[in-house]
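Worksheet: one structure, shown below.
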Amino acid sequence: MTYVVSENCIKCKYQDCVEVCPVDCFYEGENMLVIHPDECIDCGVCEPECPAEAIVPDTEPEIESWLEINAKFAAEWPNITRKGETPADADDWKDKPGKKEQLSSNPGAGD
Ligand code: SF4
Ligand code: F3S
């Protein structure tokens, strides 16, 4: 089992999750983070830290496509271990539905 970053993270990217992860298994894209499913130790500490409620366990229904996205991009994007700057318009994107088409496959800055 692993935890998964889902659609709510896109364009919010608050990064509070990064600060609490004991094994540094977050990876940074241009406008969202993902969790490496093989590195996550399933501690659950990050889940309540996300202001956008983007982090869910992989036991959630219909999370399969997001698990695939996390696995794919965790292999491509740089590791992030410290919280960077939150996007200026993050609050405008919070709770917005249908953000999947906004997902950028570009890597983020790393740390
Ligand atoms: Fe890190 Fe724990 Fe969250 Fe997994 S569940 S990403 S190990 S804080
Ligand atoms: Fe994304 Fe939430 Fe972390 S918005 S960057 S999963 S704190």
Side-chain angles (χ1 to χ4, degrees):
M1 195 183 139
T2 177
Y3 279 72
V4 177
V5 184
S6 63
E7 182 167 2
N8 284 3
C9 180
I10 297 169
K11 286 186 153 294
C12 285
K13 203 180 165 184
Y14 289 107
Q15 301 161 70
D16 298 324
C17 52
V18 169
E19 291 287 315
V20 298
C21 181
V23 293
D24 294 337
C25 63
F26 282 91
Y27 291 78
E28 183 183 14
E30 187 177 16
N31 62 17
M32 86 172 283
L33 302 190
V34 292
I35 292 170
H36 195 309
D38 296 335
E39 295 176 1
C40 173
I41 59 169
D42 200 24
C43 70
V45 169
C46 58
E47 183 185 15
E49 294 298 320
C50 176
E53 297 182 5
I55 302 175
V56 294
D58 69 356
T59 48
E60 287 281 300
E62 297 176 32
I63 200 66
E64 185 63 28
S65 67
W66 284 101
L67 179 56
E68 283 170 17
I69 285 167
N70 278 241
K72 172 178 159 58
F73 288 122
E76 298 176 10
W77 290 347
N79 186 236
I80 175 171
T81 59
R82 267 182 244 130
K83 181 176 163 131
E85 212 166 301
T86 299
D89 58 351
D91 290 346
D92 297 338
W93 286 95
K94 198 173 154 202
D95 303 326
K96 274 206 178 163
K99 291 196 287 183
K100 196 168 182 179
E101 61 191 31
Q102 306 283 338
L103 172 59
S104 167
S105 59
N106 296 331
D111 66 291

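As the structure lists them, so they are numbered: ligands from 1, and atoms in each ligand from 1.
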What residue and atom, counting heavy atoms only, is the protein's closest point to [atom], and at what distance?
atom	answer
atom 3 (Fe) of ligand 1	Cys46 SG, 2.2 Å
atom 5 (S) of ligand 2	Gln15 N, 3.2 Å
atom 7 (S) of ligand 1	Ile41 N, 3.4 Å
atom 4 (Fe) of ligand 1	Cys40 SG, 2.3 Å

Taking only Lys NZ, Arg NE, NH1 and NH2, and the carboxylate oxygens of Asp or Glu, determine whether [X] and [Y] approach each other closer than 4.0 Å.
X	Y	result
Lys13	Glu30	no
Lys72	Glu76	yes
Asp16	Lys83	yes

Atoms of ligand 1 close to [X] [distance to a heavy atom under 4.0 angstrom, numbered from 1]:
X	answer
Pro22	8 (S)
Val23	7 (S)
Phe26	6 (S)
Ile35	6 (S)
Gly44	2 (Fe), 5 (S)
Cys25	1 (Fe), 6 (S)
Cys43	2 (Fe), 5 (S), 7 (S), 8 (S)

Checklist entry - Do other residues, nucleotides or ligands put more than 12 heavy atoms under 6.0 Å from Glu60 CD? => result yes
Which of the ligand 2 atoms, numbered from 1, are nearer than 4.0 Å to a heavy atom of [X]:
X	value
Cys9	1 (Fe), 4 (S), 5 (S), 6 (S)
Cys17	3 (Fe), 5 (S), 6 (S), 7 (S)
Ile55	6 (S)
Cys50	2 (Fe), 4 (S), 6 (S), 7 (S)
Leu33	5 (S)
Asp16	7 (S)

Item to check | N, O or S atom of Cys21 closer to atom 4 (Fe) of ligand 1 than 2.8 Å | outcome: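 Checking Cys21: none of its N, O or S atoms is under 2.8 Å.
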If you compare all heavy atoms of [X] against all heavy atoms of [Y], which two are closest, and at what distance to 0.1 Å?
X	Y	answer
Tyr14	Ala52	CE1-CB, 4.1 Å
Gly108	Pro78	O-CG, 3.7 Å
Trp77	Ser104	CZ2-O, 3.4 Å
Phe26	Asn79	O-ND2, 3.0 Å
Val5	Ile35	CG2-CG1, 3.6 Å
Ile63	Pro57	CG2-O, 4.4 Å

Next on the checklist: Just to be sure I read this right, does ligand 2 sit under 4.0 Å from the backbone of Val18, its side chain, both, or neither, counting only heavy atoms?
Outcome noted: neither
Next on the checklist: Could you go through Trp93 and Asp89, starting from their C-alpha distance and side-chain angles, then the distance that decides it, and tell me whether this counts as side chain to side chain donor-acceptor pair (under 3.5 Å)?
Outcome noted: CA-CA 7 Å; Trp93 286 95; Asp89 58 351; 3.3 Å; yes
Next on the checklist: For Val34, is there any backbone N or O sitting under 3.5 Å from a side-chain donor or acceptor partner on Asn70?
Outcome noted: no
